Structures are given as structure tokens and as C-alpha cells.
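Accompanying notes for the structure given below.
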Amino acid sequence: MSRRIRLGVFAVGACAVGTMLVIAFTGLPSFGTQRHPYGDRAVHMSVHKQTTSNVVSSVNFDQRATDTLGEEFILFTAVVGTLVLLRELREEDERDESQEKRQIAARGLPSTALVSYVMLGVTTLVGLYVVAHGHLSPGGGFQGGVVLATAIHLLYVGGGYAAIRRARPVPVYEILEALGAGGFVVLGLAGTLLTGDLLANVLPMGRLGDILSGGDVELLNLLVGVEVASAFIVVLSRFLEQYAVVGARRPTTR
Amino acid sequence: MRILLFCCAGWLLLIGCYGMVTSRNIIHTVISLVVCQSSTYLILLGIGYRSGATAPVYSDTTPSKVVDPVVQALCLTDIVVSATIIALFLALALQTHKRHGTIDPDELTALRG
Amino acid sequence: MNAIIAITVVLTTIAGTVVVLAGHPKRQALTLSMFGLTLTVLFVALQAPDVALSELGINALVVPLIILLVAEKIRARR
Amino acid sequence: MSAGQLAPLVVAIPLAVAASLAAVGRWLPRLVRDATAVAAASASVGLSAYLVADTGHSRAVEWLGGWLPVHGKSVGIVFVVDRLSASLALLVTSLVVVALVYSIRYFDDVQSHYHVLVLAFLGGMAGFALTGDLFDMFVFFELMGTAAYALTGYKVEEKAPLQAALNFGVVNSLGAYLTLIGIGLIYARTGELGLAQIGGELQGHHADGLVVAAFVLVLTGWLVKAAVAPFHFWLADAHAVAPSPVCVLFSGVMVVLGVYGVFRVYVTAFAGVLPADDVRRALLVVGVLTALVGAVMCLLQSHLKRMLAFSTIAHVGLFTMSASMLSADGVGGAAAYVAGHAGAKGTLFLCCGVLLSRTGSVDEIDLYGRGRRMRFLAAVWMVAGLALAGMPPFGTFIGKSMGEDALAAEGYHWAPALFVAVSALTAGTVLRAGMRVFFGVGDVVRRDAPAGPEGEDEEPETTGSRRLRAVPATMALAITALVGGSLAVGIAPGLPTALANAAAQFLDGADYARQALSSAPAAHLPAEHVSAWTHEGVLLSILSVILSAFVAVASGFGSRLARRRRRSWQLVTAGAGGFQRLHSGHLGDYVAWLLLGVAGLAALVGVPLR
């Protein structure tokens, strides 16, 4: 289709879909409605039966843990997929080592290095805190994992590509990522073995507010933290590698 | 307020689609997809909002009015997970550029007919 | 509270529109980061700190970073 | 342990093995990786078979994590397995085993990523079939999507797979977001996410704009996956370039799961609020459109895999038409058709894989007469082509006959003619290609520019990128299993009756809710006796076989016919060319069509309700 016809088709479709959405929105309950039956039940269950004070974590890792299992594996699959798509092809294997080294040496300034090392420490601590307190306060494995992955990449600002390559043996994180996803499903299967139900709680609950409390929620949170952090480290490293190393070579003519 | 919030979400969805339809660059297409996706979070959280309520986290055990935690749980995992899917698409864009020499949808011609 | 939500909603919508209309991927990465920030504020206003934290990490930081890397890489190949 | 408690393991076991393979696969020899993956998929086959056997009279219900409902209300996620969903899971898992066996001699697989992706794909598909929660469906939908995008783009050294994977991924993601908006809307109205709970809340209410919009939006995602026109564009791209064993899964089950999702959601959640006549009409229109688009486009292809992809689209249209009758015959017929089609179409895709490995091409023009020595492939290809036409006693015949009956019984007397025409067109095209490739019969076409996707060389997909001299035993085994499976579906005694009864169970939404929420005993359904071997059924099938032979000859010698009637032929080719140009491979086009499709669907469902 030509550009104009495409825009025409889009305009017709978009107008109709927009109208449909507006009609649908007028049927919604008023903004800030007090009626949230599922939400109220979830809060009730979380407060009275569980010992997690962050209800969102309770929903994520206990009441609707199967969703999170699925989401975990979407993450896992997407990372494996990215690795497959960015895999080194045969013709690219002949690396130009000297150019690679020059690229690595060119990065990093002493003043920014110091700042970024300090930042690295702070950010890592924040990330660990966010992961560990997911069942108590806002945050958890998903958010904390992202913070941790970002923290390591501050090294790139300070120490350049060489520093980050030392701190980040990518295969280790690939394995950690798989173990995080695998651990989630294994803990779920432990539920099947012990109680008959997949993802049923099998760990002691502890006391509300304690850092070691919440039963499975705490451990699942940690596993998700491991997985998300390693997943983003792996993904970022692949893109960084494409940018810093493969990009430095002459473009493959084909 | 209801109409404002949800119509803005609908606008974001459609403007994202507009971006994808008119895009001359696959990276631009993928970013427009991210904008579309943001509209879904806006809608979900708007639905879960409760006037005068606090976040669904208890500092002590006395329950107070809180907003719907379920939609928040749905959103927060989805945001993180979708980022890796976006990364997958960007990896595809990178390889597409390597093989086709272009990332303009108008010039990608491997799949006609 | 509603006033804050209304203002951030409008800001978010504008930011999202700017992201789509920005021509170059690099400019889009920056505007996307701004869009992520406005969304973060909006989610906080909607009493969703958990979601806001994810949004901050992902759409304000990680995704724009990847986009920048890819855009740079593709520019370098030209 | 109850059958219900075993149901989630169909999903969990492959996922656990996928994660372990990703962790340690790099140190394992290739054989161990293959064996582990096949064993994991086989475990799921066993579990699904047990579920099929156990769900004859009642459903297997499992509240995950033990979050049982209190007074019919729950905070958890439920898996509700009836015989139809268990059978679908069985089909999914069995096809994965076949695909994995076939892949033993397939491409270099570093770090067993291929196996990991296939197992995750399996987990997503099985989860989608078994879950009884709308948002959980969405999650598994995304999981199978993600694995599928990566598998489509697996051959990164070629041009077309990358573009196809992007088209597939972006269009599917957009569909998924629309589904999520629909889920949000319905959550705002009912405050529930479980299918049965949503159905209970909506029961007896007035269908207003919100309900219609929510229904249409939720369906959009599923219909994109089902590749129903005008959401079908990505399918032809993806199926034409994905590795052949993966195409078996794409064509055999992934698109079918989209159709399944549509009917599952309607029956359990929306049947109490949207009248059946209204939905039936809408889905019938969509089905007819899809069948016609697929059949015509199929005829115009010379790239074998793209041809098969359009044939899949045509058949999805037929499944949708048949199931949209919402009767035991219609849904049961669609199920039989799906099983028979999966075998036949899978066979053809695997044959393409062998052709690609041995000749480096899958274009019928390039391959003219080059398959003369390949006796096994020739025989299997022609048999599978005839099965596609609905030749008795293949499974496709059973499904086609039951579907025609169901449509005629509802007063759509033109529908059997469409069934015959569509299956004759698609099967005829396949037979024409077979004649050209394996027998060197038909016009020799000369062309200036390479047509179809990837005119340039395709890389063979086998290990070590050597060309194969003969068909390896594992590949022959997989191909034979698929042809045999298609035949077995057709001749298994009592299968039509069993499927019709399973369909009656599937369609009983009220009973579904009772069993899911209060674990009440199942309502006793009167057992129905159904036979596909009616006079009309057999006659129509023979007619479509004869017609497909006619199509094969006519299109095989098309240019000779064209020389006689130049004027009218030019008109036809011009029209066909214009139609073909709509399938441009342009992502912007696909997004525009998607929005138009949503609008059309909303009009079809919503306008008659006013």
C-alpha cells in the first residue's frame, strides 16, 4: 500500500476504535470508586492469613503466583531469545583483537571513575535493600533486580569496557538467570510434592514485619531478584558488546 | 476526571499506533509500541484507584483504606517483563540492519506477495 | 489529590505524544526517558509505589539505554 | 493426588527442564540435550493423556497454591480442565515431541537454546489451554508469543526471518496490549479475573458498550494469534521462514489455540450477556473472510512454505466457521479437523524441511523435477495433500464432514460448498506443487525476478550445514508419525462421538462455573451418538478430492490455458496481483489493518445489539 492509502486505512480504523473506547469508558465506574471486590479480598487474605505487609507482594508471589511464574518465564525466554538473535555468527568470529583492545583502552576517566565506584556501592546497597524488603515495603525482586543490574553498569562509566568485563563474567549470569527461573518452578513443584498444590506455601511464615517472614513470598522474591538482575545484566552486556566491540570493527559487507 | 484519565490513555494507544503506521525506522516503531503499552498501565491503575486511599502497604497491622493491589501486581511484573521483550525486538532490529542494510520498513522487501 | 493526578495525566499524554513524534531514535530515547519519569510521578500519585519503582527503573533508565546503544551501533555501521 | 493437581505439572515440568537445560546444557553432549528435552515433553504427553482419560464426565479443577474459594469467591488462579482442553494439551505436547525428534538432526545448537525455547513454547501453549483465569491466559499467551518470536528469527543469517519475526512480534504484542485493555475493562465492571467468576457477574446483565468493547478487545489478541483476516498478515511471513519443525507447531497448534481462546472466553465469561446468535454471526463472517483470503492467496504462491502458511489461514477460517455454530457437532467437528489438519500440515512442513536440507530451496519453480528421485517424500507429500482435501478416512474428513453437518443444520446451506471449494483450492495447490517438484509435471515457468520471500539462497537447516544425501531415520520417523496420526484420528472408532460429547461439555458454561467454584459434581450430559460417515459427508469429500485434482492440473498448466483466453486472464491476474500486493510485509500496513479489524469486529458484535 502507498503511504497515503495506509494512512487512510489507519485513520478509519483509529476513529472507529477511538469511538469504541470512548463509549466503553463512559460505562466505567466513577473514578476512585470504593468498590474493588477482588482487591478487598486480596487485602483481607494478605493481612489476616499471611504475614506480608506489602499486599502487592502477597498477590504477586502467593495468591497469583502462577501469573508470576509465567511472567518469570517470559523474561527468561526473552533473554534466551535475545542471546540467540545476537549470537556471534561464523563470519564474525574472526575478531580483530587489536581494534578491540584500542576500543577498550579509550574509555574511562579518573575523576568520573571515583564517583562511579562510590555510586556503584550505593546503588548496589539500595538494590539489595529493595529486593530483601519486597514483602514489607514497596519494591521486591522485580524492581530491586533492575536496580542491581543498572548498578553494575555504572562501572562502564567509570572503568570503561575492560572494568566491566572483569566484574561481569556473562556466562555466570546466564546460569544464574536460569537458576532463578528454575528455582521459582522448583519451589512451586515442592508445593506439589508436600501439599499437592503447585506453588503452595511450604516455608515457615515467621512474624509480621520480620525480614525473614512471609514464607515462600520471601524466597520467591529473592529468586526473582536474582533472575531479573542477571537477566538485565546479560541483556545489557550483549547490547554493550555489540556497541563497544563488534561496532568498532568495519561493517560486514554482504 | 474519569473521562480525562481514560481518554488520555486511549490517546496514547492511538498515537502509538499512528507512530507505528507512519514509521520510517524500526527502532521508532518499537518505541511507539512502548508508548502503546504504557496506555494499558494507565488504564489498569486508573481502574484500581480508590479516592482517599493509601498505597497497599501496611506500616502496622491496623487496616486502613487502600487502593486495589491486584491491578498493581499485574502491572509491575508486566513492566519489567515487557522490557526484555522490547530488548528482543531491538536485537531483531540490530540484526535486520546488519542483513538488510536498512531499517526503514518501506525498504524492507524480503516478504512481498 | 485529583488535581495532581489530572495535571500529571496531561503531562504524561504530552510527553508520550512527543516521544512518538520525535524523529530520530536518539532523541526518542531521551524523550522516552522523560515520558517514563512523568509516568513514575503519575503512578505515585495513583498510590502505586511498587509500579512506580518498576517504571522508573525500566522505562526511564534501562530501555532508553538499550535504545541509545542500538541507535549508536546502527549509526556506526552506516 | 487428584487429576486436577497433576494438571499444572503439564506446564511446570517442561519449564523446569527448560531452565535446567539453560543452566547446564552447554556442558552436555548433544544427544543428552535432545533426550532430556524429548523426555520432558513426553512426560507432559503422559500427563495430558491421563487428563483426557480422567475428564470424560467431570472437569479436573485445581486452585493453584491451595487458594480454594470461600463462598464461591477466591483470590487465586484456577486451572479447569475439560476433555476438550485436555485433548488440545495432548495434541500440543505430542506435536512438540514429534518436532523435537525431527530436530535431532537439525541445525547447530549452541548451549541448547533451541531446546529451551521449544520447551518454554510448550509450557506457554499448554498453560493457555488449561487455565481458567483470564489474566493467566494473557500471561501464557505472552509466553508462547515470546518463544515464538525468537524461534521465528532463529536463522539470523538470513534476511527474511528477521523481518518476519519483527512483524510477528510487534503485531502480536499490539494484539496482546489490546487484550490487556479488554481485561482491564471487564475487571472494572465485574471486579473479577477468573473466567467463571466473570461469567457469574455478567450473567443476565444488559450488554452495553463497555461489555462489547471488552469482549472485542479481549478477542483481538486471540484472533491475532489465530491469524484470522484481517489480522492474518504476520502468519504467512512467520510460517514461511521459521525452522520447519517449528512451523509444525505454529500451524498445527499455535494458531488453533487462538481460536480455542475465542470460544473458551465467550462460552465461560460472556455467554450470559452477549446473545449467541450475535456472536455466531460475527464469527461466521470472520471465518468466511479468512477462509477465502487464505485459499486465494495459497493458490498464488510458489514458495512452498508460504503456500502452506496461507493454506493454514484458510483452514483456520474453516475451523472458526465450524465452531461458531456453538453446537456439539460444530465444535467437535472443528476439534477433529484441527487434529487431522495438524498431522497433514505438519507432514508437509517437515517434507519442506527435508527438501530444504537436500536441495537448498523450497520454491516449486526452482525445484521443478528436482525431486524425481525422492520416492518417500513424493509419496508422503501427495498423501498429505489428499488428506488436506479431506479424503476419507483421514481425520480431516471426519472434521470436515461434521462441520458441514453442523453448518447445514443451522440453516447455512451454502457453507458445505465453501468448505469443498476452500479445501479443494488449498489441497489442489499443494498437489500442483508436488507434481512440479517430484514428478516434473506442469508448465516450466521462467521468471526474471525471484518471487516470494527470500529469492536468494536459503541456508540448509541441518547440522553442520552439509546437504543431506538421504532422509535420516529420525526425520522419517517424525514424518511417518504425523501422517499416521492424521490417519488414526480418522479411523479411531467412536472418536466423532467422543469429541462431540467433549464439545457439549465445553459448551456448558454454567456447569463449568459450578464445577470450578463449588466443586459440584458435573451435570449429566446425555451421551450423543455422532457419525461422520454420512452419505453427504463422503460425497462432498470425494467431490473436493476430485476438484483438488482439477485445481492442481489447471493451475499447473495455467500458462497454457492463459494463452487461449488472453483478455479474461489478464483481468484475473491483475486482480490477483493487487490482492497479493496487500500482503506487503510492511509493518505499518499490518498495524493499520489490525485497527480496522478491531473496528469491524466491534461493528459486527455491537451494532446488532442496539
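In what follows, every heavy atom counts, from backbone to side chain, and hydrogens, waters and symmetry copies are set aside. Order of the sequence lines fixes the chain letters, A, B, ..., with proteins taken first and strands second; residue numbering starts at 1 for each chain. Keep in mind that what you see is a predicted model, and the values were worked out from it rather than measured.
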Heavy-atom proximity to chain D below 4.5 Å, by part of [X]:
X        : answer
Val9(A)  : both
Phe76(A) : side chain
Arg35(A) : side chain
Thr66(A) : both
Phe25(A) : side chain
Ile5(A)  : neither

To the nearest 0.5 Å, what is the distance between [atom1] on [X] and [atom2] on [Y]?
X         : Y         : atom1 : atom2 : result
Gln5(D)   : Asp197(A) : CD    : CG    : 5.0 Å
His586(D) : Ser2(A)   : NE2   : OG    : 10.5 Å
Tyr590(D) : Arg6(A)   : OH    : CZ    : 11.0 Å
Thr146(D) : Glu71(A)  : OG1   : CD    : 9.5 Å
Asp62(A)  : Leu64(D)  : CG    : CG    : 11.5 Å
Phe73(A)  : Leu143(D) : CZ    : CG    : 8.5 Å

So which residue, [options], ends up with the most heavy-atom pairs under 4.5 Å with chain D?
options                                 : value
Ala178(A), Gly183(A), Gly39(A), Gly8(A) : Ala178(A)
Gly182(A), Pro29(A), Gly180(A)          : Pro29(A)
Leu199(A), Val17(A), Leu86(A)           : Val17(A)
Gly70(A), Ala78(A), Ala24(A)            : Ala24(A)
Val186(A), Asp67(A), Ile175(A)          : Asp67(A)
Ile23(A), Val185(A), Leu198(A)          : Leu198(A)

Contact origin within [X] toward chain A - heavy atom pairs under 4.5 Å:
X         : result
Tyr187(D) : side chain
Leu217(D) : side chain
Glu142(D) : both
Ser2(D)   : neither
Leu9(D)   : side chain

Taking every heavy-atom pair that is under 4.5 Å apart, which of [options] has the most such pairs with chain A?
options                                    : result
Leu193(D), Val212(D), Leu185(D), Leu594(D) : Leu193(D)
Ala7(D), Ala592(D), Ala602(D), Ala150(D)   : Ala592(D)
Asp133(D), Val24(D), Val11(D)              : Asp133(D)
Leu582(D), Ile181(D), Val216(D), Leu210(D) : Leu210(D)

>> Please check this pair: side chain of Arg41(A) against backbone of Ser74(D), looking for a donor-acceptor N/O pair closer than 3.5 Å.
In response: yes
> Does Val75(D) offer a backbone N or O that forms a donor-acceptor pair with the side chain of Tyr38(A) under 3.5 Å?
Replying inline: yes
Could you tell me which non-hydrogen atom of [X] sits nearest to which non-hydrogen atom of [Y], and how far apart they are?
X         : Y         : answer
Arg189(D) : Gly27(A)  : NH2-O, 3.1 Å
Val139(D) : Ile74(A)  : O-CD1, 3.6 Å
Gly13(A)  : Ala599(D) : O-CB, 4.3 Å
Ala188(D) : Leu28(A)  : CB-CD2, 3.4 Å
Val84(A)  : Val156(D) : O-CG1, 4.4 Å

> Does Tyr154(D) have Arg87(A) sitting over its ring (NZ/CZ under 6.0 Å from centre, angle to axis within 45°)?
Replying inline: yes
>> Salt bridge check, Asp136(D) against Arg64(A): does any charged N sit closer than 4.0 Å to a carboxylate O?
In response: no
>> So Arg26(D) and Pro171(A), do their side chains get closer than 4.5 Å, heavy atoms only?
In response: yes
